[in-house]
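Just so it is clear, the values below take in all heavy atoms, side chains as well, and ignore hydrogens, waters and symmetry mates. Whatever order the structure lists them in is the order used to number ligands and atoms, beginning at 1.
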Amino acid sequence: MTQTITIDPVTRLEGHGKITIQLNAKGEVEDAHFHVTQVRGFERFTEGRPFYEMPSITARICGICPVSHLLASAKACEAIMSVRIPHTAAQLRRMLNLAQMIQSHALSFFHLSSPDLLLGMESDPAQRHIFGVAAARPELGRAGIGLRRFGQHVIELLGTKRIHTGWVIPGGVTEPLSAGKRDQILAMLPEAYANVSLALAAYKQIADRFQQEISVFANFPSNYMGLINEDETIEFSDGALRLIGPKGDIIEDGITAQHFTEVIGEAVENYSYTKFVYYKPLGYPDGSYRVGPLARLNIVKTMGTPKADQELAEFKQLAAGPVESSFFYHHARLVEALYGIEKIEHILADPQILDKHVRATAGVNRLEGAGQIEAPRGTLSHHYKVDENGLITWANLVVATGHNNNAMNKGVLQAAKCYVKDGKFTEGALNRVEAVIRTFDPCLSCSTHAFGQMPLAMTLVSADGEVVDRVIR
Ligand code: NI
Ligand code: MG
């Protein structure tokens, strides 16, 4: 008799997914999968819309990463318009992107994963949530909420709305920054620094207790991809992509948004609505790679800001080459949050930051355009084709969760093999399998847009719960 363990839903992540673990007759783990079970379909239903509406439409994909879609979309539109945006607009957008990265990283670390890290993988599931953390470690609960609020507040000050701001448009932004708002953001910085320092200290104190998790949480050699500047510093909004191999060797460098669409492919597996993204020259699945905080820190030589550079040096001590365990996404996330605060401070000191010229205008000058940025979870690409009237005829979004899909699945299998033995498992064991997925912090709402070639499964269940029929298209 074979047996399947199903974890449905996987908790404390964005969106709807489940994990299945297949056991053989001896009770050993044969295979395991992470299934994204929701479908969103934005790629199809934006067809026919004017291209300049795309930033505000695609931002509606997600309440966690709307800024990422706004920015990648605006860049794709600017490729269609064939314009370069003013310096000040680029700086203001960069700040918006960093603010979102900080709030999203705070959400992932504190709200979603700190219950496992601070209370323990085996702790009472009824208390294993952010309120449990706030009760056990009030100073950390406050720091988490404070750090997320900082990011959200910066987004609100810049874009006048916390979620789904219309401030970012093709060509730049609608409004310049006022001196009053700049000073408000500056005044929030000391508390933000204090909160992220507290988080880093708390993480470093407990990380040693998770040696077994570190050894099986998607701990394997892989390729990594992320944006990087020509001076080797980390980048979230511009620059070009670099893909490195398992030993840190550069596989391809200088991948622009246009080039991205030529070298990056999307594969489909019949158990998930999220595609499996890979580097075409290496094929699928060999061309799979990881993106996001761990990948970015593995790629860059320097953050380009002093405090984060100190932290990066410490992070790089974890391994001789790239840091391989996905457990260290948590660590990398906190280093990036610190960088984000420093970089915002740096941008606010730009003498042109209050400049009134923040928008370029143009119509359709090209019938195709692509844009790419680093979302909190990793690389995000928007690629559009339009007709002469600027109406969308085709759209493709490639999201961070798709890039990480192969590694997430391999990681779930690796952890399941460690924690499920002889067909026996505890609640804490299954929580660890879920926690592998949480290290990647996937955003499932953002990741499921394909129609047509995706499998659609229907299950007919009788009143007593028995599966009567199952149809897969
Ligand atoms: Ni999202
Ligand atoms: Mg797609």
* Would you mind reporting whether F440 and S326 have side-chain heavy atoms less than 4.5 Å apart? => yes
* Candidate list H105, Q103, H111, test side-chain hydrogen bond (donor to acceptor under 3.5 Å, both in side chains), partner R148, passing option -> Q103
* **Aromatic plane relationship, Y284 with Y278 - under 30° parallel, 30 to 60° tilted, over 60° perpendicular** => tilted
* Residues in side-chain hydrogen bond (donor to acceptor under 3.5 Å, both in side chains) contact with T393, at least two apart in sequence or another chain -> none
* Structure fact -> Separation between OH (Y203) and CG (L198), nearest 0.5 Å, reads 16.0 Å
* To do: Return the orientation label for the H382 and H69 ring planes: parallel under 30°, perpendicular over 60°, tilted otherwise.
  => tilted
* Structure fact -> Count of protein N, O or S atoms below 2.8 Å from the Ni ion (ligand 1) equals 4
